[in-house]
Structures are given as structure tokens and as C-alpha cells.
Amino acid sequence: MTLSGYFAVFLAASCAAAATGMVFKPGDWYAALRKPSFTPPGWVFPVVWSYLYVSLAYAAARVAEAEGSQFALALFALQIALNTLWTPVFFGARRMAFGMVVIALLWGAVAAMGLAFLRLDLIAGLLVAPYLIWLSLAAALNWRIWRDNRAL
């Protein structure tokens, strides 16, 4: 398979994860929650996630044919599964504590994936760094929203 073929496959997986955001929208429940001052404006989320999904698909495509990439790609699959799970847990089920567990596991999977990608391809590994930074912010938001809205 070519780089563009791998890219299309990994982008499709990313689009499946992104689709949960169309099904489980934040809505009035989220709007009514107390949020920390460092919460980005609403328009930032789809912009950042679009960039991250495309760059991660490209990073995974870069490592797909590298010898010994099986573990790195298994970590990609794990992180995309956890990424897909977070939105219905947090916004759908409104389980902020369980969302925190999912995002903590996701952060660990992405950190491990980043290291595995880095060992196989420098550019692919570096492309994971913005995702880890964004997940750190997302985890901080999840934690603060959970902490500040425990009565709900």
C-alpha cells in the first residue's frame, strides 16, 4: 500500500472518532456547567481536532510500513478507540468522573504512541506532540469541570 493509501485508512479511523462529536454534542447541559477561565472559545475545538486528526493520520501512515511498526500501530488503534469513547462518556452519558478516567488512559496511550512513533520516524513522533499538549489541556478542563460541578 502507498503512503496515501495508509493515510486514507488512518484518516477514516480518525473521522469515525470525530463523528462522535456530531452525535454527542455539548448542548445546553455543557453550556450550563461552570468552566475554568482557561476554557478555549467553542470555535477552537473543531479547528484543533481537525488539525490533530489529519496530522495523526499522516504520522501513522509514515510509520505503517516501517519494520517493527506493529506495536506503534496497536497504540494508534488504542488511542483512537479511547478518543472515540470519551465524547459519548462525557457529553452523552454526562459522566465527568468516568470521562476523567478515559482521558487519563488516552493521555497515557498517546504518550506511549508518541515514543513508539519517534523510534520509527522522527517526523511522525514530533507530529504527536501537539496532540499530547491538547490532551493535557483537555484533561485539565475535564478535571476542573468535574471538580467544579460535582453536584450535577
Side-chain angles (χ1 to χ4, degrees), residues 1-64 69 72-114 116-117 123-152:
M1 189 179 295
T2 65
L3 179 67
S4 61
Y6 282 117
F7 175 73
V9 169
F10 293 118
L11 188 60
S14 297
C15 287
T20 62
M22 292 184 280
V23 175
F24 300 99
K25 296 180 183 200
D28 294 336
W29 170 78
Y30 180 74
L33 295 173
R34 290 182 57 214
K35 292 180 248 353
S37 61
F38 59 88
T39 303
W43 65 266
V44 171
F45 292 91
V47 171
V48 170
W49 279 114
S50 296
Y51 164 77
L52 292 174
Y53 284 137
V54 171
S55 66
L56 288 173
Y58 178 66
R62 287 183 64 93
V63 302
S69 66
L73 295 176
L75 289 169
F76 177 89
L78 174 61
Q79 70 79 25
I80 206 71
L82 291 167
N83 182 302
T84 303
L85 180 62
W86 184 87
T87 301
V89 166
F90 190 89
F91 292 120
R94 300 178 182 177
R95 301 289 186 210
M96 295 177 276
F98 188 46
M100 194 66 232
V101 171
V102 173
I103 207 164
L105 293 170
L106 175 57
W107 195 96
V110 171
M113 180 186 74
F117 278 21
I123 293 169
L126 293 175
L127 285 169
V128 177
Y131 186 25
L132 203 53
I133 292 166
W134 181 253
L135 282 178
S136 298
L137 173 64
L141 283 170
N142 190 145
W143 182 78
R144 279 290 303 274
I145 291 169
W146 172 39
R147 186 196 77 176
D148 295 345
N149 295 278
R150 287 193 189 239
L152 299 176

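Only a predicted model underlies this, so the values are computations on that prediction, with no experimental measurement involved.
For the pair Lys25 and Tyr30, the cation-pi criterion (under 6.0 Å, within 45° of the ring axis) is not fulfilled. Arg150 forms a cation-pi arrangement with Trp146, by the criterion of a distance under 6.0 Å to the ring centre and an angle within 45° of the ring axis.
The distance from atom CE of Met22 to atom OG1 of Thr87, rounded to the nearest 0.5 Å, is 11.0 Å. Atom-to-atom distance recorded for Leu141:CG and Leu33:CG is 11.5 Å, nearest 0.5 angstrom. The CH2 atom of Trp143 lies 9.0 Å from the CE atom of Met100; values are rounded to the nearest 0.5 Å. Going from atom OG of Ser69 over to atom CG of Leu75 covers 11.5 Å, rounded to the nearest 0.5 Å. Gln79 CD to Leu132 CG: the interatomic distance, rounded to the nearest 0.5 Å, is 11.0 Å.
The aromatic ring centres of Tyr53 and Trp49 sit less than 6.0 Å apart.
When side chains are defined from C-beta on, Val128 does not count as touching Ser55, because their heavy atoms never get closer than 4.5 Å. Between Tyr131 and Asn83 there is a side-chain heavy-atom pair separated by less than 4.5 Å. Within the 4.5 Å cutoff, the side chain of Phe90 has no heavy atoms near those of the Val102 side chain. Between Phe7 and Val54 the shortest side-chain heavy-atom distance falls below 4.5 Å. In this structure, the side chains of Tyr58 and Leu11 stay at 4.5 Å or more apart for every pair of heavy atoms. Between Leu127 and Leu56, the closest side-chain pair of non-hydrogen atoms is not below 4.5 Å. Side-chain contact check for Pro26 versus Phe45: every heavy-atom pair is 4.5 Å or farther apart. Contact of the Phe38 side chain with the Leu137 side chain is registered, since non-hydrogen atoms from C-beta on lie closer than 4.5 Å.
Pairing each heavy atom of Pro36 with each of Ile145, the nearest pair is CD-CG1, 4.0 Å. In this structure, Ala124 and Ala59 approach most closely via the heavy-atom pair CB-O, 3.5 Å. Taking each heavy atom of Met113 and Phe76 in turn, the nearest pair found is SD-CA, 3.5 Å. The shortest heavy-atom contact between Ile123 and Arg62 is CD1-NH2, 3.5 Å. Between Trp134 and Pro40, the shortest heavy-atom contact is CH2-CG, 4.2 Å. Between Ala109 and Leu78, the shortest heavy-atom contact is CB-CD2, 3.9 Å.
A donor-acceptor pair under 3.5 Å is formed between the side chain of Asn142 and the backbone N or O of Met96.
Residue-environment remark: CZ (Arg95) stays at or below the threshold of 12 foreign heavy atoms within 6.0 Å.
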Report the C-alpha separation of Trp86 and Phe24 in whole Å, then their side-chain angles, then the decisive distance to 0.1 Å, and conclude whether the ring pair (Phe, Tyr, Trp, His ring centres under 6.0 Å) test is met. CA-CA 10 Å; Trp86 184 87; Phe24 300 99; over 10 Å; no
Would Thr20 and Phe91 satisfy side-chain contact (heavy atoms from CB on, under 4.5 Å), going step by step from the backbone distance to the final call? CA-CA 10 Å; Thr20 62; Phe91 292 120; over 6 Å; no
